[in-house]
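Some notes on the structure that comes next.
Each chain gets a letter, A, B and so on, in the order its sequence line appears, and its residues count up from 1.
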Amino acid sequence: MTNLKERTMTDADEMANNNGRRMLWVIVSGLGIMMTAGAVAGYLAAHEAQGGGALGTAGIVTLCVCAAIITGLAFAIWRNVSKMKASNEGLTRREKLNRNMIYGFLLVGGAIGLLPAFYDTSVGNSDTGPALIFADSPMPPVMALMLVFFWAVIMPIIAWFWHKRAIDEQEASAYREGGYYAAYAFLIGAPMWWILWRGGFAPEPDGVAIFMLFASIWTAVWLWKKYR
Amino acid sequence: MKNQLKVLRAMRSWSQADLGEHLDVSRQAVNAIETGKYDPSLPLAFKISRLFALPIEEIFDDEFEGAHND
């Protein structure tokens, strides 16, 4: 005789219930790859600045360790994505729409993030590269208008459709709760930073950093409440 | 809130995805309700009640044991 859990949980259910943890692994592994690749690039740039030439034993060992870390993290991503794909067989209609919208949004976000890497986006001595999106330096007017159009016109349409059609009430509740945490973090944190700056205890408040913290807290609580 | 959703679902041999499809919600929502991590809205509770043809109070238990004042 099967027990209640066996009767009520299919393989797809069981796998889907671990998708939050898997998604977290994918995000952390992705960040790990970026940071390790950045460390390798920095190491090679420093080596080049010191005259270049053949790497010593320590340098080769360092690069091998970094390569092993990147390979391990890439394997972790592949494994977790494969399991997430397998659990998607039993997705409900809403879940499929939700998943497709999030994938689409990530693709568009990634394309926007990579835009400065492929086009000359420098203005005078301003920053270039992917970090331009989050920097304070000037950017080409056309690019600024494109980003504003996406953020102020396209984003609200996608958000409206997502709220109305893709998510259910449990996710809406998780999203609202994320908003409460983020709002309180902002209401407490931003004035605190401003006052500490005026008192000479902290650097000047950074609007982009505050926005990123606000969005990160909102997203983290939303995913935690959705998948916990 | 404690509830009989898992038992009722088992009686019909439905997966969480099957029940989610009937209720037009995700598997996460079904799982969160079953495990008591999320209390459904009144409209969703009525939908569940109609689906299983049972009164809401037979599916959900708010563990209230006090006497009514009225």
Side-chain angles (χ1 to χ4, degrees), chain A residues 1-24 83-102 162-178 180 221-228, chain B:
Chain A
M1 187 180 172
T2 55
N3 64 28
L4 184 62
K5 187 171 180 185
E6 282 170 349
R7 287 173 65 198
T8 51
M9 295 284 279
T10 64
D11 287 347
D13 287 339
E14 197 91 63
M15 290 166 83
N17 289 333
N18 290 322
N19 275 352
R21 193 162 45 82
R22 292 194 187 108
M23 197 181 290
L24 190 67
K83 284 184 179 175
M84 280 164 73
K85 268 188 188 168
S87 75
N88 283 349
E89 286 167 9
L91 284 181
T92 63
R93 184 193 60 79
R94 262 184 195 271
E95 279 175 286
K96 280 180 191 154
L97 182 60
N98 193 356
R99 178 203 59 189
N100 292 342
M101 285 189 74
I102 288 175
W162 184 72
H163 279 280
K164 289 287 175 192
R165 298 286 175 84
I167 65 172
D168 59 25
E169 62 172 60
Q170 188 257 348
E171 180 153 16
S173 165
Y175 197 71
R176 267 196 308 275
E177 211 158 329
Y180 296 149
V221 176
W222 159 39
L223 294 177
W224 166 50
K225 292 284 179 182
K226 181 182 173 183
Y227 291 110
R228 75 195 156 127
Chain B
M1 191 182 287
K2 283 184 180 172
N3 60 75
Q4 298 298 311
L5 212 53
K6 194 177 249 186
V7 176
L8 293 168
R9 185 164 64 79
M11 287 164 69
R12 284 158 180 77
S13 298
W14 284 346
S15 67
Q16 288 181 337
D18 293 333
L19 181 55
E21 205 69 74
H22 278 95
L23 299 171
D24 197 24
V25 298
S26 65
R27 283 171 305 176
Q28 276 88 19
V30 172
N31 186 58
I33 295 169
E34 285 183 353
T35 52
K37 289 174 182 164
Y38 174 73
D39 293 335
S41 66
L42 205 48
L44 182 55
F46 271 112
K47 211 169 178 179
I48 294 168
S49 159
R50 277 193 297 273
L51 181 65
F52 292 112
L54 287 169
I56 288 177
E57 58 269 31
E58 279 191 31
I59 303 172
F60 296 97
D61 176 13
D62 68 351
E63 297 174 79
F64 178 74
E65 289 175 359
H68 289 284
N69 291 327
D70 54 355

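Residues forming a salt bridge (charged side-chain N to carboxylate O under 4.0 Å, His left out) with Lys2(B) (at least two apart in sequence, or on another chain): Glu63(B). Taking the salt bridge (charged side-chain N to carboxylate O under 4.0 Å, His left out) definition, one finds that Asp61(B) meets it with nothing, sequence neighbours left out.
Two residues are said to be in side-chain contact when any heavy atoms from C-beta on lie closer than 4.5 Å; Arg93(A) and Asp24(B) meet this criterion. Using a 4.5 Å heavy-atom threshold, the side chains of Arg94(A) and Ser26(B) count as separate. Counting only heavy atoms from C-beta outward, the side chains of Leu44(B) and Glu169(A) approach each other to under 4.5 Å. Side chains of Gln28(B) and Gln170(A) form a contact here, defined as non-hydrogen atoms less than 4.5 Å apart.
For Arg12(B), the CZ atom sits in a packed shell: over 12 heavy atoms of surrounding residues, nucleotides or ligands are nearer than 6.0 Å.
Heavy-atom distances place no part of Pro43(B) under 4.5 Å from chain A, backbone and side chain included.
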